[in-house]
Asker: 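The structure's right below; bear with me while I get my questions together.
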Amino acid sequence: MPGYKAPVDDVLFVLNEVLGFERYNNLPGFADTTPDLVEAIIGEGAKLCEEVLQPLNLSGDKQGCTRHEDGSVTTPDGFKQAYDTYCQAGWVGLAADPDHGGQGLPYTLAAVMSEFASAANMAWAMYPGLTQGAIAALTLHGTDDLKSTYLPKLISGEWSGTMNLTEAHCGTDLGLIKTKAVPQDDGSYTITGEKIFISAGEHDLVPNIVHLVLARIEGAPEGVKGISLFVVPKFLPDNDGNPGTRNAVSCGAIEEKMGIHANATCVMNYDGATGRLVGSEHKGLPAMFTMMNEARLGVGIQGLGQSDVAYQNAVTYARERLQGRALTGAANPDGNADPIIVHPDVRRTLMTIRAFNEAARALILWTAIKGDIAHRSDDKADRQSADDHMGLMTPVIKGVLTDKGFDNTVAAQQVYGGHGYIAEWGMDQFVRDARIAMLYEGANGIQALDLVGRKLPRDGGRAAMAFFREIEGFIKDNGGEEAMTPYLEPLKQGLGDLQNATMWFMQNAMSKPDNAGAGSTDYMHLFGLVALGYMWAQMARAANERLAAGADGRDDFYTTKLALGRHWMERAMPETSAHLARISAGSDTMMSLPAEAF
Ligand SMILES: Cc1cc2nc3c(=O)[nH]c(=O)nc-3n(C[C@H](O)[C@H](O)[C@H](O)COP(=O)(O)OP(=O)(O)OC[C@H]3O[C@@H](n4cnc5c(N)ncnc54)[C@H](O)[C@@H]3O)c2cc1C
């Protein structure tokens, strides 16, 4: 039976010693978050994830969700109690607006909880996770009336949210959406159409589900410019704001799928359902993007969560499984074999995953703080640069952390040998669950195109240039420190490769867009390596400083960080040059074959 221990100390190290979380106490919601309080909040969250959510992970996967003839859906045993416990503790509204019942605490803390919950039980965590997107969209784009009707119920977790984009004939290309909206005299719309693959579309955790739906108003322009966003509840709220008349929306089927069995993936039928417009007519896609950016970061966090829980279990196994002898002589002379953790190849696997996990966590937390600045700072320039960072990093975090997160679950499974393939060990669930994160919220190929085609050139490349400048500044500022050389040299090399790749696109992709498409996934991963390398350089500096100042008996904690950082620099960063070589090869060869030749 797999286990999970939330990495509280690692989170606190990044927040307090690397990112200086306390520095931001001028932002609304940050003032009271002293290091003690942050530790207490994170500790409570860890306990809930370890003791309530994780024990339901394997059983939830086995039992799955059941759809009944009346269209209702039952979640696995224990899910409802866990959901109620989570809501009662206020986790859904942790970072939400206090005017609507939220606690107004930093989004950064919600991101920490999101990692723990995703690692403990990804399928369960998606139920409250999707509500976050609905809260974000209504907060930014809803009228006062919509906000007061829906936000308090969503923020308390009493009702849950969904996002409905996908139709059978359109996933990536949302311009093809057919779901129809017809205006009514009372200002509402009737919504008709079929959405597929809707996560948490129907379930028994809450009495009302609030669907955010993309549809085309009759007579609207073709393509994405004619799409609007609607709020369509399962039950129309009555005059007291409670679930009233049943709306004409129902779950037609739930999908049988590879993983996240405990999360209901629904076909949703809208048969003239009553909906209300969110934001302006035909401006649904930008409004939905509010939800999607939140959701994309959340999906990147899922990649990290699965990578970390798979790693933790692989380490336990590698310490216990006895096979072969260490190359340098018996490490366990009293036993008939050594634990497999003595073998360099097993260590390579474990260290590679761990080095990724820690840097990925730092990247998420850094970006989450930028999210808080972008939404809460009263300084326009700070908001702008934080927003630039978020825009640039969202596809990187979504694409890289889920690609690598999945690879890492497979690598952790490999540590178990054949036992990793046997269901009772639970490693196959991590692989199956992690796989979806590469696909939904925009398949990762689309994230790469978003990075190269939109985020990179936006505002004359302002966000990317700021990122490059920041790393150059860090290298310069720390260049005199000998202890930093093993971290700074590979980072400098990687940054050079990234800048050359960026230049190559500027020179070769404007006139020939296929060159951008052909190199986009490599570019995204090259970007990710450098961003994660920068995180390791910062963590190494913090660890070096603590060791130099006296580490209060925690020397091992910091020397482990330094070793993991060196592993990243030695083993992962050299890949930047391979990515650059592939990008510079351009698209000619791959576009030379006609479709029939494949
Ligand atoms: C379990 C699960 C849960 C989901 N939850 C939700 C949900 O809650 N709400 C919701 O609305 N949707 C949801 N989805 C849908 C999901 O977001 C889509 O499946 C995804 O966006 C991809 O769309 P598609 O499957 O139609 O693939 P397609 O759009 O057909 O793409 C197929 C492949 O072609 C590539 N491709 C497509 N266009 C281009 C291009 N222009 N350039 C380069 N490559 C391209 C893609 O990268 C992809 O690899 C879910 C899906 C699953 C499986």
Side-chain angles (χ1 to χ4, degrees), residues 61 64-65 73 122-123 125-134 137 160-179 193-203 209-215 223-224 227 229-230 232 249 251 253-268 270 284-285 287-289 291-292 294-296 298-299 302 395 398-399 402-403 406 432-454 509 513-524 587 590-591 595 598:
D61 180 59
C65 294
V73 171
M122 177 167 151
M126 287 172 68
Y127 291 103
L130 279 149
T131 303
Q132 296 301 331
S160 70
T162 69
M163 48 195 286
N164 290 235
L165 294 77
T166 307
E167 299 178 8
H169 62 284
C170 78
T172 303
D173 192 353
L174 294 170
L176 302 176
I177 276 177
K178 284 185 188 155
T179 297
E194 184 188 79
K195 296 285 179 180
I196 67 162
F197 297 167
I198 304 309
S199 299
E202 178 60 44
H203 57 82
I209 302 175
V210 180
H211 304 289
L212 273 286
V213 184
L214 285 184
V224 289
I227 296 174
L229 181 64
F230 299 89
V232 186
V249 48
C251 167
I254 56 175
E255 304 292 347
E256 280 197 27
K257 55 192 191 292
M258 175 176 173
I260 53 165
H261 291 155
N263 193 273
T265 307
C266 303
V267 173
M268 297 304 298
Y270 293 85
L285 213 56
M288 191 58 123
F289 260 105
M291 295 178 78
M292 284 157 71
E294 292 266 330
R296 283 176 178 177
V299 174
Q302 289 179 333
K398 197 292 181 175
T402 62
D403 274 359
F406 172 73
R432 289 185 286 103
D433 286 359
R435 185 68 182 89
I436 185 58
M438 300 160 71
L439 295 163
Y440 59 19
E441 289 310 331
N444 283 355
I446 303 304
Q447 302 302 325
L449 284 179
D450 180 42
L451 176 66
V452 169
R454 292 179 60 232
D514 277 344
N515 279 333
S520 56
T521 290
D522 275 294
Y523 187 84
M524 180 178 76
S587 60
M590 68 176 77
M591 299 312 283
F598 282 83

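Only this structure's heavy atoms are used, side chains among them; waters, hydrogens and symmetry mates stay out. Counting starts at 1 for both ligands and their atoms, in listed order.
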Asker: Does M258 CE have over 12 foreign heavy atoms under 6.0 Å away?
Answerer: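 Enclosed.
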Asker: A quick test of your reading: do over 12 heavy atoms of other residues, nucleotides or ligands sit less than 6.0 Å from NZ of K178?
Answerer: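 Open.
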Asker: Does a donor on one side chain sit under 3.5 Å from an acceptor on the other, for E167 and T179?
Answerer: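 Indeed, the side chains of E167 and T179 share at least one donor-acceptor pair under 3.5 Å.
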Asker: Give every pair formed by an N or O atom of ligand 1 and a protein N or O atom closer than 3.5 Å, one pair per line with both atom names and the distance to 0.1 Å, or write none.
Answerer:
from	atom 1	to	atom 2	distance (Å)
ligand 1	5 (N)	F197	O	2.8
ligand 1	5 (N)	S199	OG	2.8
ligand 1	8 (O)	S199	N	3.0
ligand 1	8 (O)	S199	OG	3.3
ligand 1	9 (N)	M163	O	2.8
ligand 1	11 (O)	L165	N	2.8
ligand 1	11 (O)	T166	N	3.0
ligand 1	11 (O)	T166	OG1	3.1
ligand 1	12 (N)	T166	OG1	2.7
ligand 1	14 (N)	F197	O	3.4
ligand 1	26 (O)	G171	N	3.4
ligand 1	29 (O)	T172	N	2.9
ligand 1	29 (O)	T172	OG1	2.5

Asker: Which residue pairs pass the salt bridge (charged side-chain N to carboxylate O under 4.0 Å, His left out) test when at least one of the two sits in residues 439-449, sequence neighbours left out?
Answerer: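 Sorted pair list comes back empty.
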Asker: If the condition is ring pair (Phe, Tyr, Trp, His ring centres under 6.0 Å), which residues does H211 pass it with, not counting sequence neighbours?
Answerer: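 Scan of H211 (ring pair (Phe, Tyr, Trp, His ring centres under 6.0 Å), adjacent residues dropped) gives none.
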Asker: List the residues meeting salt bridge (Lys or Arg N to Asp or Glu O under 4.0 Å) with E202, not counting sequence neighbours, and say none if there are none.
Answerer: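 In terms of salt bridge (Lys or Arg N to Asp or Glu O under 4.0 Å), with neighbours along the sequence ignored, E202 is linked to K234.
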